[in-house]
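Quantities reported herein were computed from a predicted structural model and do not represent experimental measurements. For ligands, and for the atoms within them, numbers begin at 1 and follow the listed sequence.
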Amino acid sequence: MIRKNLEEVRENINKAILKSGREAEDVCLIAVSKTKPVELLLEAYEAGVRDFGENKVQELTDKYEKLPKDIRWHMIGHLQTNKVKYIVDKAYLIHSVDSVKLAKEISKEAVKKGLVCRILLEVNVADEDSKFGFSCEDVLTSIEEIAGLEGIRVAGLMTVAPYVEDPEENRPVFRKLKQLSVDITRKNIDNVSMDILSMGMSGDYQVAIEEGAKYVRVGTSIFGERNYSINKEK
Ligand SMILES: *Cc1c(COP(=O)(O)O)cnc(C)c1O
């Protein structure tokens, strides 16, 4: 089931790569495994997946302990400052840095552990009240302060686009994130690269690739619908 879903997603990714004239190495699939049991992650692992995305610290660290060590764990969910210490040395990339305060905490913990933590700045491109992230303007004003922090490397931008019926509706959102990355690159800030755009989910990853995504974060199309009811009852 998962193997078959993965085949389909990979095929769609390849189509989008061909359509946009990009290189296959430029795009990487992150299997978003939040709420899913390790058995299913192992199935995906056996089908070649090495990049997994989680949105909760506890879940990421539990799965980190149980699964093979060559997995790259991507933290994609809102991160509370008091939990940073548990994941700075486990996350391959933190996609969801949405405040200067959080960046400072990551810096502090990374320095303590003697490592450099790669981060993306999350941008709320569509300005939705329900979403975390910097506004486009705030990224531009905050990025130099963040880039100046020790133990951190800004590697790009991330966005969670609105939920839409037609993926084409999100094309302008992806385009805007790309444009923002171009504007930042032009500023030539030390310790900042804009190599990575993390954008596109099950409903719209092909459009995101056409607009320059490096990482697409796909959950439902690989693992099926998520069931949150068990947790909600607690
Ligand atoms: C859950 C989640 C995804 C995956 O969403 P699907 O629609 O299931 O593909 C991607 N990005 C983030 C930040 C998420 O929280």
CA sep, side-chain torsions, deciding dist, call: Tyr92, Trp73, ring pair (Phe, Tyr, Trp, His ring centres under 6.0 Å):
CA-CA 5 Å; Tyr92 172 73; Trp73 293 98; over 10 Å; no
Atoms of ligand 1, numbered as shown, that sit under 4.0 Å from any heavy atom of [X]:
X: Arg217; value: 4 (C), 9 (O), 10 (C), 11 (N), 12 (C), 13 (C)
X: Lys34; value: 1 (C), 2 (C), 3 (C), 14 (C), 15 (O)
X: Thr220; value: 6 (P), 7 (O), 8 (O), 9 (O)
X: Ile76; value: 11 (N), 12 (C), 13 (C), 14 (C)
X: Val218; value: 9 (O)

For ligand 1, indicate whether the residue Val160 contacts it via side chain, backbone, both or neither (heavy-atom separation under 4.0 Å).
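Within the 4.0 Å criterion, Val160 contacts ligand 1 through side-chain atoms alone.
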Report the part of His95 in contact with ligand 1, treating N, CA, C, O as backbone and CB onward as side chain, heavy atoms under 4.0 Å; options are side chain, backbone, both, neither.
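Neither; nothing of His95 gets under 4.0 Å from ligand 1.
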Can an N or O of [X] be found at a distance shorter than 3.5 Å from an N or O of ligand 1?
X: Asn55; result: no
X: Ser221; result: no
X: Gly219; result: yes

Arg22 side chain to Ala213 backbone, donor-acceptor under 3.5 Å
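Checking the backbone N and O of Ala213 against the side chain of Arg22, a donor-acceptor pair under 3.5 Å is found.
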Main-chain N/O of Thr35 paired to Glu59 side chain as donor or acceptor, under 3.5 Å
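Side chain of Glu59 to backbone of Thr35, a donor-acceptor pair under 3.5 Å: yes, one is there.
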Check Ile119 against Leu93 and note the closest heavy-atom contact, atom names and distance.
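Closest approach of Ile119 to Leu93: N-CD1, 4.0 Å.
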Under 3.5 Å side-chain donor-acceptor pair for Asn55 and His78
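No, no side-chain donor-acceptor contact under 3.5 Å.
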What's the shortest distance from atom 5 (O) of ligand 1 to any protein heavy atom, and which residue and atom give it?
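For atom 5 (O) of ligand 1, the nearest protein heavy atom comes out as Met201 CE, 3.4 Å.
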Please report which non-hydrogen protein atom sits nearest to atom 9 (O) of ligand 1, along with the residue it belongs to and the distance in Å to one decimal place.
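Going by distance alone, atom 9 (O) of ligand 1 is nearest to Ser202 OG, 2.5 Å.
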Parallel, tilted or perpendicular for His95 and Tyr215, by the 30°/60° rule?
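If you compare the ring of His95 with that of Tyr215, the planes turn out tilted.
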Checking Lys104 against Glu145 for the salt bridge (charged side-chain N to carboxylate O under 4.0 Å, His left out) test, could you report, in this order, the C-alpha distance in whole Å, the side-chain angles of both residues, the deciding distance, and whether it holds?
CA-CA 9 Å; Lys104 282 182 177 163; Glu145 184 181 0; 3.3 Å; yes
Cation-pi geometry met for Lys90 and Tyr64 (6.0 Å, 45°):
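So Lys90 does make the cation-pi contact.
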